[in-house]
Asks: 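Below is one structure. I have some questions about it.
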Amino acid sequence: MAKDFFAALTRNTISLVGTAMVVASATLIITLFVIQQIGFEGGAYLGLITFVALPMVLMAGLVLIPLGISRERKRIAAAAAEGEEAIARFPVLDLNTESTRKNVILFLVFTTISIVILGSATYKGVHIMDSVEFCGTVCHTVMQPEYVAHQRSPHARVPCADCHIGPGADWFVKSKISGSWQLIAVSLDIYPKPIPTPIHNLRPARETCEQCHWPTNHVGDLLKVKTVYAEDEVNTEAKTAVLLRVGGLAGRENSGIHWHVNPDVQVRYRSDESRENIYDIELTAVDGTVKIYKAGDTPEDATEWRIMDCVDCHNRPSHQYRMPDDEVDLAMASGGIAKDLPFIKRESMRLLQAGYESHEQASEQIPVGLKAFYSAEYPEIASGKAEVLGRAGDELVEIYTSNVFPAMKVDWGTYPNHIGHQESPGCFRCHDRKHKTEEGDRISRKCDTCHTLLADAEEDSEVLKMLNP
Ligand code: HEC
Ligand code: HEC
Ligand code: HEC
Ligand code: HEC
Ligand code: HEC
């Protein structure tokens with residue numbers, strides 16, 4: 001019986017090839033799997049080979065075996081019908097002959113080398129497909145906003161795949177499937193512009209961000225100081241400073257903002273698709289008590305419960321599009337735009353928001369507009385400080401082309417940041433005193449819950465003089 005089985009598997013070329021594929025891929029899968037179990041971190045790529053590529057070879061082999069057997073049967077039957085005896089099709093391998101031995105050994109060596117080469121090539125190819133350059137630049141126009149914003153963010157050195165795919169084979173396969181659809185959508189030009197957010201099937205932050213950051217790691221306070229300029233002739237300079245309570249140790253006296261994502265508490269909510277309007281909020285505290293806060297009746301369009309994670313506040317950790325105000329302030333504080341140019345803040349804001357059809361048009365018109373203003377109002381500056389004006393113009397073009405992408409319909413504020421409460425309601429989506437429990441408990445909106453406001457656009461702040469004598 002076993003002998004028959006073996007004969008059926010190997011009697012014809014097709015089945016023999018199939019059997020070889022099955023045996024080889026199965027051996028490789030098992031070996032790779034064992035290696036990974038022993039603790040060798042192969043990452044998603046090894047996962048792809050072990051769990052996607054090799055199984056495909058195995059499958060193909062499994063298909064070939066019965067195909068070969070049935071063709072062989074037909075051949076024998078056809079031969080029998082003509083009354084002939086089926087002639088053996090295989091060359092007779094006589095290993096006693098030296099040349100045959102050589103050939104067989106050569107064949108085996110060649111095959112092994114091919115497999116190694118093929119394997120490395122697949123590995124390399126997959127690696128390239130997940131590189132920042134590939135993700136960010138292959139579909140140039142489509143990913144340009146995200147790529148440019150990523151390159152200017154604190155995560156510029158974190159590959160796209162670390163947040164969008166993360167470790168493990170399952171999300172890798174999921175991403176490749178949705179990636180294939182995206183390729184089709186891009187080639188047919190049927191993708192939405194701008195790309196809609198939030199991304200509803202983004203991998204939970206627990207599994208991505210927490211590879212590098214974790215909530216209980218946050219303790220103490222974080223001081224944030226901003227320099228702001230007014231739109232008057234002298235661009236009056238002022239400072240804003242907040243001391244943020246970023247701690248995350250739940251159940252302690254002095255917890256703070258990262259308390260929401262502490263593993264000992266859970267905050268869940270239901271909202272509309274955009275997550276801008278939050279309806280019901282459920283809090284499970286350290287001691288297990290559950291509270292539900294509601295702001296009136298839950299509307300029909302409410303989503304399923306979502307467990308709050310990092311991206312509910314840090315929705316722009318990597319793709320940070322800033323508002324023109326913040327950009328100009330930053331450029332002026334760092335000297336990119338000279339702050340002694342009269343009305344430069346006001347004029348910068350005007351030029352940045354004038355509306356352009358493309359990056360090329362903005363690059364042309366912004367510097368021209370800036371020169372035109374100074375030529376008309378301050379001719380001595382236009383002639384005497386041409387170089388300073390030129391640099392300010394370049395800086396404004398850089399700001400525009402890093403935040404606004406007409407080709408993808410990304411304008412100022414298209415992707416608002418949920419950190420704080422300036423660009424969008426952000427924290428105030430829940431901390432609005434409108435959501436309450438049946439007992440009438442509300443979520444705090446007191447300024448001191450989240451931060452101490454040390455200076456709010458103050459020109460001569462005592463605190464700042466202490467910090468920066
Ligand atoms: C630090 C983590 C991180 C990295 C690195 C990262 N992203 Fe994202 N990305 C996010 C998060 C979080 C969102 C979801 C924003 C939301 O849902 O509101 C997002 C959203 C997007 C979107 C949807 C549109 C948008 O602007 O929100 C695209 C497209 C995108 N990322 C592409 C990329 C590409 C391409 C790269 C690499 C050049 C990359 N991402 C790198 C975290 C990251
Ligand atoms: C591969 C590691 C890695 C991953 C994954 C990662 N980060 Fe980071 N993140 C970093 C590093 C490194 C820095 C520090 C950059 C610096 O100091 O310039 C950082 C900085 C930050 C900061 C501080 C930014 C600032 O303005 O100083 C925030 C907030 C942050 N990450 C949030 C996230 C979130 C949210 C995610 C998941 C969507 C995430 N990170 C995923 C490595 C990572
Ligand atoms: C309730 C909102 C909220 C949630 C949820 C949240 N953060 Fe933050 N996080 C903040 C705020 C606010 C700051 C400080 C302000 C800022 O960075 O602009 C901050 C700061 C940070 C920083 C910089 C801290 C420093 O000391 O420099 C990192 C890193 C960070 N968060 C990572 C994370 C990660 C990872 C998660 C998910 C496990 C997370 N955060 C969840 C609101 C949140
Ligand atoms: C999805 C709803 C939701 C969002 C969004 C949200 N919070 Fe909260 N937050 C809560 C709930 C619920 C509590 C617990 C009720 C309370 O303490 O008033 C809470 C409590 C807090 C606390 C007190 C934690 C402690 O020590 O007990 C701080 C600080 C805080 N939030 C800061 C923020 C900041 C900063 C943001 C925005 C970056 C933010 N929250 C966004 C729901 C939210
Ligand atoms: C639920 C938490 C929370 C509450 C309540 C809150 N804030 Fe804030 N606020 C933040 C966070 C987070 C930031 C920092 C945003 C950032 O990092 O850019 C911030 C930043 C600010 C800033 C600096 C703005 C800037 O230009 O960067 C001011 C001013 C401010 N808050 C005023 C207030 C006042 C006044 C109140 C009381 C009515 C208040 N906030 C209540 C979370 C809160």
Side-chain angles (χ1 to χ4, degrees), residues 154-155 163 166 198 202-226 240-271 275-295 302-318 320 416-454:
H155 289 107
C163 293
L202 193 73
R203 186 166 184 183
R206 287 261 106 106
E207 298 162 22
T208 53
C209 316
E210 291 192 16
Q211 298 285 320
C212 301
H213 313 279
W214 49 97
T216 47
N217 198 25
H218 296 283
V219 281
D221 298 339
L222 179 69
L223 177 65
K224 279 207 141 184
V225 184
K226 260 170 69 169
T240 292
V242 282
L243 191 60
L244 286 158
R245 300 182 47 212
V246 291
L249 299 168
R252 306 270 183 95
E253 274 291 299
N254 192 12
S255 60
I257 297 170
H258 289 96
W259 161 92
H260 303 80
V261 282
N262 187 291
D264 297 333
V265 282
Q266 191 185 65
V267 180
R268 297 200 303 166
Y269 67 82
R270 299 181 67 187
S271 66
R275 298 192 190 141
E276 293 294 336
N277 300 301
I278 291 183
Y279 307 133
D280 306 345
I281 303 156
E282 180 205 74
L283 161 66
T284 312
V286 177
D287 59 11
T289 50
V290 177
K291 274 188 189 175
I292 294 193
Y293 303 85
K294 277 174 163 287
T303 55
E304 292 298 304
W305 287 101
R306 169 179 159 79
I307 299 176
M308 191 174 175
D309 69 23
C310 317
V311 300
D312 286 301
C313 299
H314 297 283
N315 64 327
R316 305 266 127 224
S318 161
Q320 298 177 333
N417 200 329
H418 287 156
I419 282 281
H421 41 83
Q422 278 80 37
E423 287 180 24
S424 74
C427 314
F428 291 174
R429 289 173 299 162
C430 297
H431 290 260
D432 60 353
R433 296 196 48 79
K434 287 194 194 105
H435 293 81
K436 52 185 175 193
T437 61
E438 280 179 354
E439 294 75 42
D441 281 0
R442 292 165 208 263
I443 303 173
S444 165
R445 200 191 154 143
K446 280 204 227 79
C447 315
D448 290 345
T449 309
C450 305
H451 51 60
T452 314
L453 194 54
L454 301 174

Asks: Could you tell me whether the side chain of H155 reaches within less than 4.5 Å of the side chain of P317, counting heavy atoms only?
Replies: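 Yes - at least one pair of side-chain heavy atoms lies under 4.5 Å apart.
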Asks: Mind listing the closest non-hydrogen atom pair of V265 and W259 along with its distance?
Replies: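 Looking at all heavy atoms of both residues, the shortest contact is CG2-O, 2.9 Å.
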Asks: Evaluate the side-chain contact (heavy atoms from CB on, under 4.5 Å) criterion for residues Y269 and T303: first the C-alpha distance (whole Å), next the side-chain angles of each, then the deciding distance (0.1 Å), finally the verdict.
Replies: CA-CA 9 Å; Y269 67 82; T303 55; 5.7 Å; no
Asks: State, with a plain yes or no, whether a side-chain heavy atom of T240 is found less than 4.5 Å away from one of V225.
Replies: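 They are not in side-chain contact.
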Asks: Judged by atom type as modelled, is there a donor-acceptor pair below 3.5 Å linking the side chain of Q266 to the main-chain atoms of T284?
Replies: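 No, Q266 side chain to T284 backbone: no donor-acceptor pair under 3.5 Å.
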Asks: Distance-only, no hydrogens or angles: does the R445 side chain make a donor-acceptor pair with backbone N or O of F428 under 3.5 Å?
Replies: no
Asks: Do you know which two heavy atoms are closest between H435 and Y293, and how far apart they sit?
Replies: CB-CB, 3.9 Å
Asks: Under the criterion side-chain contact (heavy atoms from CB on, under 4.5 Å), which of H418, H258, M308 is the partner of C313?
Replies: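 With C313 as partner, side-chain contact (heavy atoms from CB on, under 4.5 Å) holds for just one option, M308.
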Asks: Any side-chain heavy atom of P416 within less than 4.5 Å of one from E276?
Replies: yes
Asks: Within this structure, what is the NZ-OG1 distance for the pair K291 and T289, rounded to the nearest 0.5 Å?
Replies: 7.0 Å
Asks: Drop me the distance from H260's NE2 to C310's SG, to the nearest 0.5 angstrom.
Replies: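 It comes to 12.0 Å.
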Asks: Between atom CD1 of I307 and atom CZ of R206, what is the distance when rounded to the nearest 0.5 Å?
Replies: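 The CD1 atom of I307 sits 8.5 Å away from the CZ atom of R206.
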Asks: Heavy atoms, side chains only, cut-off 4.5 Å: are L454 and L223 in contact?
Replies: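 Answer yes - side chains close enough.
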Asks: Could you tell me if the side chain of I281 sits less than 4.5 Å from the side chain of C430, heavy atoms only?
Replies: yes
Asks: Have a look at H451 and tell me which of L222, V246, L244 forms a side-chain contact (heavy atoms from CB on, under 4.5 Å) with it.
Replies: L244
Asks: Return the CZ to CD distance between R268 and E282, rounded to the nearest 0.5 Å.
Replies: 4.0 Å
Asks: How long is the gap from OG on S271 to CG on D280, to the nearest 0.5 Å?
Replies: 10.0 Å
Asks: Atom CD1 of I257 and atom CD1 of I419: how far apart are they, to the nearest 0.5 Å?
Replies: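 That separation rounds to 7.5 Å.
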Asks: In sequence, state the C-alpha distance, the side-chain angles, and the governing distance for V242 and K226, and then conclude on side-chain contact (heavy atoms from CB on, under 4.5 Å).
Replies: CA-CA 9 Å; V242 282; K226 260 170 69 169; over 6 Å; no
Asks: Decide side-chain contact (heavy atoms from CB on, under 4.5 Å) for T437 and I292; before the verdict, give the C-alpha distance in whole Å, the side-chain angles of both, and the deciding distance to 0.1 Å.
Replies: CA-CA 6 Å; T437 61; I292 294 193; over 6 Å; no
Asks: Does the side chain of R275 come within less than 4.5 Å of R429's, by heavy atoms?
Replies: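 Of all side-chain heavy-atom pairs linking R275 with R429, at least one is under 4.5 Å.
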